[in-house]
Amino acid sequence: MTTYTARPIEPEVLKDLRTADDAGRPMVPFTDEEGGAPLRCCLRRGEPGERIALVSYAPLRRWAAAAGVDPGAYDEQGPVFVHARECGGPAADVRPFEGAHRTVRRYSAGGRILGGRLVEVPEWSAFEAATSAAFADPALELVHVRAVEYGCFLYEVRRA
């Protein structure tokens, strides 16, 4: 089985989001007293006491702009947690947000949704199987992995 790499939000995008998010709002940092926030900058759960922020992020819009396509009605933005300051990014062998149900939303090179799949078994092997099945479609360009409970964007996987 091919291994696919989870992609965090890119450092240059994080720099932008820490100035003004994709809804145009300034970042408002806070101390995460309890920990557990899913951080999209380093693809791990936050620790108690870390300075983080909840910002609005439009992952498909940003990808589409770089790819020179118009996402049309599929353009959406939503809340993501990030560190309030630059962090080291994810560990090399990260398996982000394991132990949770997720959806795998598939997109074409034109930025259109090709479908999705609920990954009901919260194990990494089930996620890899869903991702492999998605990338078996030659029309697929990238995958957005989302949390089931809120529908929030967690991370992206692209065709190598």
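By convention here, the first residue in the shown sequence is residue 1.
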Answer whether the closest heavy-atom distance between the side chains of Phe127 and Arg95 falls below 4.5 Å.
no
Identified side chain to side chain contact (heavy atoms under 4.5 Å, CB included) counterpart of Arg106 within the set Ile113, Leu140, Thr131
Leu140
In Å, rounded to the nearest 0.5 Å, how long is the span from CD1 of Ile52 to CD of Glu47?
11.5 Å
How many angstroms lie between atom CG of Leu14 and atom SG of Cys42, to the nearest 0.5 angstrom?
9.5 Å
So do the side chains of Arg51 and Arg85 get within less than 4.5 Å of each other, counting heavy atoms only?
no
For Pro8 and Cys41, work out which heavy atoms get closest and say how close.
CB-O, 3.5 Å
Any side-chain heavy-atom pair of Glu86 and Lys15 under 4.5 Å:
no
Joint hydrophobic cluster, Leu43 plus Val119, side-chain heavy atoms closer than 4.5 Å:
yes
Atom of Val143, atom of Val104 and distance for their closest heavy-atom approach
CG1-CG1, 3.2 Å
Nearest 0.5 Å, please: how far is CG in Leu60 from CG in Leu142?
7.0 Å
Within a 6.0 Å radius of atom CD on Glu120, are there more than 12 heavy atoms belonging to other residues, nucleotides or ligands?
no
Connected via hydrophobic side-chain network under 4.5 Å: Ile9 and Val55
yes
Nearest 0.5 Å, please: how far is CZ in Phe153 from CZ in Arg105?
10.5 Å
Interatomic distance, Arg45 atom CZ to Phe97 atom CZ [nearest 0.5 angstrom]:
6.0 Å
Could you grab the distance from atom CD of Glu141 to atom CH2 of Trp63, nearest 0.5 Å is fine?
5.5 Å
I'd like to know if the side chain of Ser108 and the backbone of Gly110 have a donor-acceptor N/O pair within less than 3.5 Å.
yes
Do you know which two heavy atoms are closest between Gly35 and Asp32, and how far apart they sit?
N-OD1, 2.9 Å
Just wondering, do Asp22 and Arg62 contact through their side chains at under 4.5 Å, heavy atoms?
yes
Carboxylate-amine/guanidinium contact Glu50 Arg44, below 4.0 Å:
yes
So, for Arg112 and Gly72, which heavy atoms are closest and what is the spacing to 0.1 Å?
NH1-N, 3.8 Å
Electrostatic pair Arg146:Glu76 at N-O distance under 4.0 angstrom
yes
What heavy-atom pair brings Ala109 and Val69 nearest, and what distance separates the two atoms?
O-CG1, 3.5 Å
Say whether Val145 and Phe135 are linked into one hydrophobic cluster, either directly or through other cluster members, by side-chain heavy-atom distances under 4.5 angstrom.
yes
Can you confirm whether Arg40 sits close enough to Leu154 that some side-chain heavy atom of one is under 4.5 Å from a side-chain heavy atom of the other?
yes
Run the numbers on Arg102 and Tyr155 for side chain to side chain contact (heavy atoms under 4.5 Å, CB included), then give the verdict.
CA-CA 11 Å; Arg102 58 183 65 83; Tyr155 54 91; 4.0 Å; yes
Between Ala84 and Met27, what is the shortest heavy-atom contact and its length?
O-CE, 3.4 Å
Criterion side chain to side chain contact (heavy atoms under 4.5 Å, CB included) on His101 and Glu149, from CA distance to verdict
CA-CA 8 Å; His101 297 92; Glu149 55 275 47; 5.8 Å; no
Is any side-chain heavy atom of Arg25 closer than 4.5 Å to a side-chain heavy atom of Ser56?
yes
State yes or no: do Tyr57 and Val82 share one hydrophobic cluster built from I, L, V, M, F, W and Y residues joined by side-chain heavy-atom distances below 4.5 Å, directly or via other members?
yes
